[in-house]
J.: 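First the structure, which I've put down as structure tokens, then a few questions once you've had a look.
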Amino acid sequence: METVNWNSLPSLALHQVFTHLSPESRVAASSTCKHWRTALYHPQFWHSLVLDISSTGTSYAEIKSKVKHANKNLVTLVRDIHLAFDSRSTQCFELASSVVKALMENQLLRNVDIELNHCELSKDEIFQYRWSIQNYFEFAILNVVQKGNIEGFSFGYFMFYYWNALIHMLSKYSCDSLQRLELAGLGPSIFNEESKTTCFNSTFDSMSSLINLKKLSLDLNSNTCKLLPALCSMSQLEILVLHVHNELDIDISDDIWADIKKYCPKLELRLTIINCHIVAKHLHTKLLRPSMPLTHLKVLFCNVMNIEVLHKLLDYRNTFQSLIWVDEQSMNPAGLLKGHWHLEPSADGIETNPLIILSWVCSKLTELVVLGYFIEPVDVCGIARLRGSNLKRYELLEEDICFHQPQTEMIYDEVILDVSNWMDTNWKPLNKNNLFVSRSHYILKCISKDLTTKLDNN
């Protein structure tokens with residue numbers, strides 16, 4: 001019988017064999033010989049790559065070896081890459097930059113997602129970040145997007161330093177393919193003088209050309225809010241995520257939102273206020289507008305419960321899905337107790353918790369998280385009864401539920417049982433000690449759900 005030399009199996013046949021193997025089995029088989037190892041590195045087997053360059057628990061030599069192998073064999077093959085790295089480490093920053101430079105040789109690239117693992121920056125770290133990004137990272141990314149046909153781009157939880165240039169590049173080379181652009185950040189945006197003085201009309205025209213965008217996230221400030229009318233050209237836009245970190249010195253009229261809603265009929269607006277007391281305090285008059293297609297509102301660590309905002313949310317009764325209002329220790333911890341309004345003018349002094357009204361009127365409400373504000377046990381149960389099993393996420397702090405008020409008749413176990421029955425799930429309030437690792441950790445966890453929302457590709 002003739003001996004078969006498996007090492008000389010034709011590449012086409014070997015490729016067909018590999019297509020029937022699981023990723024784990026494929027890697028194991030590739031260790032047979034150099035020829036089989038070569039077959040492993042076929043673009044069909046490497047649609048996506050998640051590369052985590054972290055200095056935690058791993059030696060720099062191991063990280064460097066992993067990155068070197070990825071740059072040589074994988075980075076040029078993938079359609080989608082998710083690059084995470086420790087932004088506080090100069091060495092990790094350099095390795096991440098080498099990955100981005102390797103991407104310049106990739107002709108198949110469609111999605112680029114960058115994640116900076118550390119988002120709590122001191123003033124010195126901010127300076128280092130600005131200098132490093134400007135010189136070693138963002139310029140390389142701008143060169144990568146010139147390859148064209150980019151479908152999605154995310155810059156983690158910082159707004160892209162040269163965001164104007166990025167929009168220009170994407171509009172020039174990927175205006176027909178780009179569906180997802182995520183630039184909203186965890187903290188205030190860092191703008192250089194060039195960003196402030198870049199020709200507005202040019203940036204507006206570039207934004208307007210991104211007509212196939214389905215998802216867009218931005219930090220809302222005086223520069224970016226002027227670009228909102230450009231959204232009217234994006235008839236396929238489904239999700240708009242806006243983060244607010246500082247007081248806005250410009251008003252956005254209701255007419256702008258009416259036009260956006262007219263030309264973007266599928267649009268969901270997700271608005272997040274982060275660490276900004278003044279914006280939360282005046283949110284109902286300065287930012288919320290009746291024509292907003294508002295579906296999600298997050299107010300995170302602003303140290304105020306604005307009852308008028310809860311009242312204003314009734315304007316969005318047909319669209320509103322989620323309210324997350326979180327403080328560790330509010331300046332007015334009894335806000336929901338003292339801030340009730342009457343259900344009707346003739347209610348003869350009967351007061352109703354505004355969250356009860358919200359749960360009753362907003363028929364699409366599926367998520368309610370209120371932490372740091374007192375609430376009566378009867379209201380906890382009332383919200384569950386109104387929303388029932390449609391309420392998929394309902395989070396309160398055990399410390400906030402007023403079981404020890406003199407007029408309170410319901411005990412802890414009764415509330416747990418009642419809410420669980422109405423929601424048709426096992427429900428319990430949260431414990432504060434197990435919740436907040438740090439503010440930025442909670443914010444990051446909270447906003448990441450918006451920034452990773454799946455698009456409808458049908």
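Just so it is clear, the values below take in all heavy atoms, side chains as well, and ignore hydrogens, waters and symmetry mates.
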J.: Would you sort out whether Leu216 and Leu231 count as a side-chain contact (heavy atoms from CB on, under 4.5 Å), showing the intermediate values?
T.: CA-CA 10 Å; Leu216 173 66; Leu231 273 58; 4.1 Å; yes
J.: Could you give the distance from CG (Leu323) to CH2 (Trp325), rounded to the nearest 0.5 Å?
T.: 7.5 Å
J.: How far apart are the C-alpha atoms of Asp80 and Leu49, what are their side-chain angles, what is the distance that settles it, and do they pass the side-chain contact (heavy atoms from CB on, under 4.5 Å) test?
T.: CA-CA 6 Å; Asp80 308 330; Leu49 174 65; over 6 Å; no
J.: At their closest point, which heavy atom of Leu300 faces which heavy atom of Thr272, and how far apart are they?
T.: CD1-CG2, 4.1 Å
J.: Thinking salt bridges, do Lys286 and Asp251 make one under a 4.0 Å N-O criterion?
T.: yes
J.: Hey, are Lys215 and Glu238 close enough for a salt bridge, meaning a charged N less than 4.0 Å from a carboxylate O?
T.: no
J.: What is the distance from atom NE2 of His277 to atom CG of Asn303, rounded to the nearest 0.5 Å?
T.: 7.5 Å
J.: Could you report the tightest heavy-atom contact between Lys312 and Leu288, atom names first, then the distance?
T.: CG-CD1, 3.8 Å
J.: Mind running ring-ring contact (aromatic ring centres under 6.0 Å, His included) on Phe137 and Phe85 for me, showing each step along the way?
T.: CA-CA 12 Å; Phe137 204 63; Phe85 66 96; 5.3 Å; yes
J.: Is the backbone of Asp176 close enough, under 3.5 Å, to the side chain of Asn212 for a donor and an acceptor to pair up by distance?
T.: yes
J.: Keeping the roles fixed (side chain from Thr295, backbone from Leu269), state whether a donor-acceptor pair exists under 3.5 Å.
T.: yes
J.: Taking it one step at a time, do Met169 and Asn143 satisfy side-chain contact (heavy atoms from CB on, under 4.5 Å)?
T.: CA-CA 9 Å; Met169 290 293 186; Asn143 287 327; over 6 Å; no
J.: Could you tell me whether the side chain of Asn306 and the main chain of Lys281 form a donor-acceptor pair under 3.5 Å?
T.: yes
J.: With distance as the sole test, does Tyr263 use its side chain to make a donor-acceptor pair with the main-chain N or O of Ala258 at under 3.5 Å?
T.: no
J.: Does Arg289 pair with Asp315 as a salt bridge, N-O distance under 4.0 Å?
T.: no
J.: Quick one: do the Asn431 and Glu398 side chains pair a donor with an acceptor below 3.5 Å?
T.: no
J.: Please determine, by modelled atom types, if Glu182 and Ser217 share a side-chain donor-acceptor pair under 3.5 angstrom.
T.: no
J.: Using a strict 4.0 Å threshold on nitrogen-to-oxygen distance, state whether Arg79 and Glu151 make a salt bridge.
T.: yes
J.: Answer with yes or no whether the side chains of Glu115 and His82 bring together a donor and an acceptor at under 3.5 Å.
T.: yes
J.: Given 3.5 Å as the limit, does a donor-acceptor pair link the side chain of Glu395 with the main chain of Val370, or not?
T.: no
J.: Please determine which of Gln321, Lys392, His296, Arg393 meets the side chain to side chain donor-acceptor pair (under 3.5 Å) test together with Glu367.
T.: Arg393
J.: I'd like to check Leu237 versus Lys266 (side-chain heavy atoms, cut-off strictly below 4.5 Å). Are they in contact?
T.: no
J.: Main chain of Ser177, side chain of Ser174: is a donor-acceptor contact present, judged purely on distance under 3.5 Å?
T.: no
J.: Considering residues, nucleotides and ligands other than Trp422, do more than 12 of their heavy atoms fall under 6.0 Å from its CH2?
T.: no
J.: Check whether any side-chain heavy atom of Ser98 lies under 4.5 Å from a side-chain heavy atom of Val67, and answer yes or no.
T.: yes
J.: Rounded at 0.5 Å granularity, tell me how far CZ in Phe301 sits from SG in Cys446.
T.: 8.5 Å
J.: How close do Pro377 and Ile401 get, heavy atom to heavy atom, and via which atoms?
T.: CG-CG2, 3.9 Å
J.: Would you check if the side chain of Arg317 reaches a backbone N or O of Leu358 as a donor-acceptor pair within less than 3.5 Å?
T.: no
J.: Examine the side chains of Glu94 and Ser97 and answer whether a donor and an acceptor come within less than 3.5 Å of each other.
T.: no
J.: Could you tell me which non-hydrogen atom of Gly382 sits nearest to which non-hydrogen atom of Ile356, and how far apart they are?
T.: C-CD1, 3.8 Å
J.: Identify whether the distance between the nearest side-chain nitrogen and carboxylate oxygen of Asp254 and Lys261 falls below 4.0 Å.
T.: no
J.: If I compare all heavy atoms of Ile383 with all of Leu368, which pair ends up nearest, and what's the gap?
T.: CG2-CD2, 3.8 Å
J.: Given side chains that start at C-beta, do those of Ile411 and Val415 come closer than 4.5 Å, heavy atoms only?
T.: no
J.: Can you find a heavy atom in the side chain of Lys66 that is under 4.5 Å from one in the side chain of Leu51?
T.: yes
J.: May I ask you to decide if Leu294's main-chain N or O and Thr319's side chain share a donor-acceptor pair within less than 3.5 Å?
T.: yes
J.: So do the side chains of Cys402 and Ile375 get within less than 4.5 Å of each other, counting heavy atoms only?
T.: no
J.: Would you give the length of the straight line joining atom CD1 of Ile81 to atom CG of Leu108, rounded to the nearest 0.5 angstrom?
T.: 12.5 Å
J.: Is the closest side-chain heavy-atom distance between Val75 and Val99 below 4.5 Å?
T.: yes
J.: Counting only heavy atoms from other residues, nucleotides and ligands, does the tally under 6.0 Å from NZ of Lys147 exceed 12?
T.: yes
J.: Got a second to check how far Ile260's CD1 is from Asp255's CG, nearest 0.5 Å?
T.: 11.0 Å
J.: Drop me the distance from Glu268's CD to Ser322's OG, to the nearest 0.5 angstrom.
T.: 10.5 Å
J.: Testing the basics here: between Glu247 and Ile278, what is the closest heavy-atom pair and its distance to 0.1 Å?
T.: CB-CG2, 3.8 Å
J.: Report yes or no: do Asn275 and His245 form a side-chain donor-acceptor pair below 3.5 Å?
T.: no
J.: Any chance you could lay out the side-chain contact (heavy atoms from CB on, under 4.5 Å) test for Leu355 and Leu310, step after step, and finish with the verdict?
T.: CA-CA 7 Å; Leu355 295 176; Leu310 301 185; 4.1 Å; yes
J.: Hey, does Tyr162 have a side-chain heavy atom less than 4.5 Å from the side chain of Phe139?
T.: yes
J.: Please answer whether the main-chain N or O of Leu417 pairs with a side-chain N or O of Ser420 as donor and acceptor at a distance below 3.5 Å.
T.: no
J.: Within the structure provided, determine whether Lys172 and Ile167 are in side-chain contact (heavy-atom separation under 4.5 Å).
T.: no
J.: Will you find, in the side chains of Asp400 and Tyr373, an N or O donor that is under 3.5 Å from an N or O acceptor?
T.: no
J.: Do other residues, nucleotides or ligands put more than 12 heavy atoms under 6.0 Å from the CG atom of Asp424?
T.: no
J.: Could you check Leu271, Ile274, Asp219 and say which one makes a side chain to side chain contact (heavy atoms under 4.5 Å, CB included) with Val244?
T.: Leu271
